[in-house]
Each structure stands twice: as C-alpha cells, then as structure tokens.
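Below is one structure, written out as structure tokens; comments come after it.
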Amino acid sequence: MGYDEWAALIVTDMQNDFADPRGSLYVRGGEEIVSFVNGQIEGARARKAMVVYTQDWHPPSTPHFQKDGGVWPVHCVQESWGAAIHPALQAEGEIVKKGSGGEDGYSGFSVRDPVSGEKAATRLEPLLRDGGVRRVVLVGIATDYCVKETALDAKRLGFEVVVLGDGIRAVDLQPGDGERAIEEMIAAGARVE
Ligand code: VGL
Ligand code: ZN
C-alpha cells in the first residue's frame, strides 16, 4: 500500500472479543490478520501516515445486545478483557471509542441510537481533517459490519477509500455477507485491494 502523509490507516475493532478464538463474538480468522495489520501499521508509520484505531466500547446493558432486545451476544464491554485491543497488535496512536453511551457503534465515524435511530458523530472525522488526511486505508473486523459502515461513511464524507482484502474478516451471519459487503463498498466507490 502506498502510504504518504495524506493517508490514514484505520484499524477497525481489533479487539479480543472479535479477534481471539475465546472471544464472545469471535470472527473466524480474526487472529490470522494480526500480523498483516501490524505490517501495514509499520508501513504507514514509516511513511508518516496517521494510524487510528477504533474500539467497540459498550456498557454492560445496551439495546445492541441480544439480552437487552438487540441482536448480538454481550461483547466489548467497557474495561473488560474482551474489549481490550488484541495484545499482539501494535497499538500506539489515537483510539476512537464507539458505542459508549449504549448506541450501535458500527461505523467509526458515527454512532446510532438503536431506539430513536438518531445519529451522532464520533471524533474520527475531525481527527482525520486536522491531520490533513484525504485517503483512508481500512483493515480490521468485521467486513460486513464495522469495516463496511466505516468505508461507506468515509466515502460520504469525501475521503478516498481503500480496503485491504487481506486485512479484513467477516462475521458471515448469513453465508456470503462478507462478499456482499465487499460488493457494496465497491459500488459506493471504495477500492478493494
Ligand atoms: C461489530 C457487531 C457488533 C463490528 C461490532 O465491530 O463489526 N459487529 N458490534
Ligand atoms: Zn458492538
């Protein structure tokens, strides 16, 4: 990937609950992408590209969880082992937390109140704008949720978007969800490499 000072690598939700086989919402193959992502982090740093991490950060009860009326098993609860960034990941840089107030936190750029549907921005966009970023490079978990929504929001906001196919993994609640997410991102104008 050609990193430069106008690019930012966004490392999406590389957390134990998604990337460790013992995690409560383990995404198959999540642990396999850690070394690829570390390589991208090193490449980005070497060329002065910004590296930003997102972190799903839920309260113990939220309508995002099945037990509270949502769809997901309990995962990434604030301060828990599952919410921690995967220990093998080189994690130095800004971390943008999402979902802290009980919202659905799919996109790194915005959160959505699961009851009212109201959207609110995270600090990701100002962080990128302040750094002069024009192009975002996406890796992480999950292709069919947070990576996809972050890519679509980034396009809407006018960033050039590149998604690295070797650095993402899908939940695939329905077989083919990951593939369909990739098609949606391409249709929205993202480049998938
Ligand atoms: C995610 C499901 C629930 C993700 C977060 O990071 O893709 N997926 N919460
Ligand atoms: Zn979540």
Side-chain angles (χ1 to χ4, degrees), residues 9-34 36-37 52-86 89 91 94-115 117-120 122 124 136-155 161 163-185 188 190 192:
L9 174 66
I10 302 180
V11 180
T12 303
D13 295 6
M14 289 293 293
Q15 297 166 257
N16 288 326
D17 270 340
F18 300 125
D20 188 296
R22 292 165 296 176
S24 64
L25 187 39
Y26 173 58
V27 172
R28 207 156 41 84
E31 77 284 16
E32 295 163 9
I33 62 174
V34 173
F36 177 86
V37 172
V52 188
Y53 303 80
T54 65
Q55 190 173 31
D56 215 27
W57 196 250
H58 298 299
S61 284
T62 159
H64 185 64
F65 295 157
Q66 215 158 41
K67 70 176 180 74
D68 303 305
V71 291
W72 302 108
V74 172
H75 63 277
C76 299
V77 172
Q78 295 164 12
E79 313 294 347
S80 69
W81 169 84
I85 302 281
H86 190 285
L89 195 79
E94 291 280 352
I95 298 179
V96 174
K97 292 182 162 62
K98 57 197 174 60
S100 317
E103 314 91 331
D104 271 338
Y106 295 122
S107 167
F109 289 98
S110 60
V111 291
R112 186 187 141 275
D113 188 302
V115 178
E118 208 169 305
K119 276 198 168 192
T122 67
L124 182 55
V136 297
V137 180
L138 301 185
V139 291
I141 299 172
T143 310
D144 35 357
Y145 292 93
C146 289
V147 173
K148 180 181 90 173
E149 294 302 330
T150 302
L152 297 180
D153 266 352
K155 278 303 296 181
V161 178
V163 180
L164 301 182
D166 290 338
I168 56 177
R169 285 294 182 274
V171 178
D172 280 335
L173 275 186
Q174 303 293 329
D177 280 353
E179 280 309 311
R180 283 188 288 275
I182 287 173
E183 282 161 21
E184 261 185 79
M185 292 189 277
V192 179

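Note that ligands are numbered from 1 as they come in the structure, with each ligand's atoms numbered from 1 the same way. As the structure is a prediction and not an experimental result, all values here were calculated from the model.
- Residue Leu152 holds its CG atom at 10.5 Å from OG of Ser110, rounded to the nearest 0.5 Å.
- Pairing each heavy atom of Ala170 with each of Asp144, the nearest pair is CA-OD1, 3.4 Å.
- Ligand 1 has no nitrogen or oxygen under 3.5 angstrom from a nitrogen or oxygen of His58.
- Considering backbone and side-chain atoms together, His64 places an N or O closer than 3.5 Å to an N or O of ligand 1.
- The Zn ion (ligand 2) lies at the vertex of an angle of 90° between the NE2 atom of His58 and the NE2 atom of His64 (rounded to 10°).
- Taking the six-membered ring for Trp and thresholds of 30 and 60 degrees, His75 and Phe18 have ring planes inclined between 30 and 60 degrees apart.
- If you number the atoms of ligand 1 from 1 as listed, the ones under 4.0 Å from a heavy atom of Asp13 come out as 4 (C), 6 (O).
- Ligand 1 lies nowhere less than 4.0 angstrom from a heavy atom belonging to Glu149.
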Salt bridge (Lys or Arg N to Asp or Glu O under 4.0 Å) evaluation trace for Lys148 with Glu184: CA-CA 8 Å; Lys148 180 181 90 173; Glu184 261 185 79; 3.1 Å; yes
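- Of all protein heavy atoms, the one lying nearest to atom 8 (N) of ligand 1 is Tyr145 CB, 3.8 Å.
- Between the Zn ion (ligand 2) and the N, O or S atoms of Asp56, the shortest distance is to OD2.
- With rounding to the nearest 0.5 Å, the separation of OG1 in Thr12 from CD1 in Ile141 is 9.5 Å.
- Remark: minimum distance from atom 5 (C) of ligand 1 to any protein heavy atom is reached at Asp56 OD2, 3.1 Å.
- Taking only nitrogen or oxygen atoms, main chain and side chain alike, Cys146 reaches within less than 3.5 Å of ligand 1.
- Near Ile141, meaning under 4.0 Å from one of its heavy atoms, ligand 1 places the atoms 6 (O), 7 (O).
- Every N/O-N/O distance between Trp72 and ligand 1 stays at or above 3.5 Å.
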Steps toward salt bridge (Lys or Arg N to Asp or Glu O under 4.0 Å) verdict (Arg169, Glu32): CA-CA 9 Å; Arg169 285 294 182 274; Glu32 295 163 9; 3.3 Å; yes
From CA spacing to verdict: salt bridge (Lys or Arg N to Asp or Glu O under 4.0 Å), Asp56, Lys98: CA-CA 5 Å; Asp56 215 27; Lys98 57 197 174 60; 3.3 Å; yes
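- Nearest N, O or S atom of His75 to the Zn ion (ligand 2): atom NE2.
- Close N/O approach between Leu25 and ligand 1 is not found [any backbone or side-chain N/O within under 3.5 Å].
- Under the 30°/60° scheme for interplanar angles, the aromatic rings of Trp72 and Tyr106 are found to stand perpendicular.
- Side-chain contact, Ser107 with Asp153: a donor N or O sits under 3.5 Å from an acceptor N or O.
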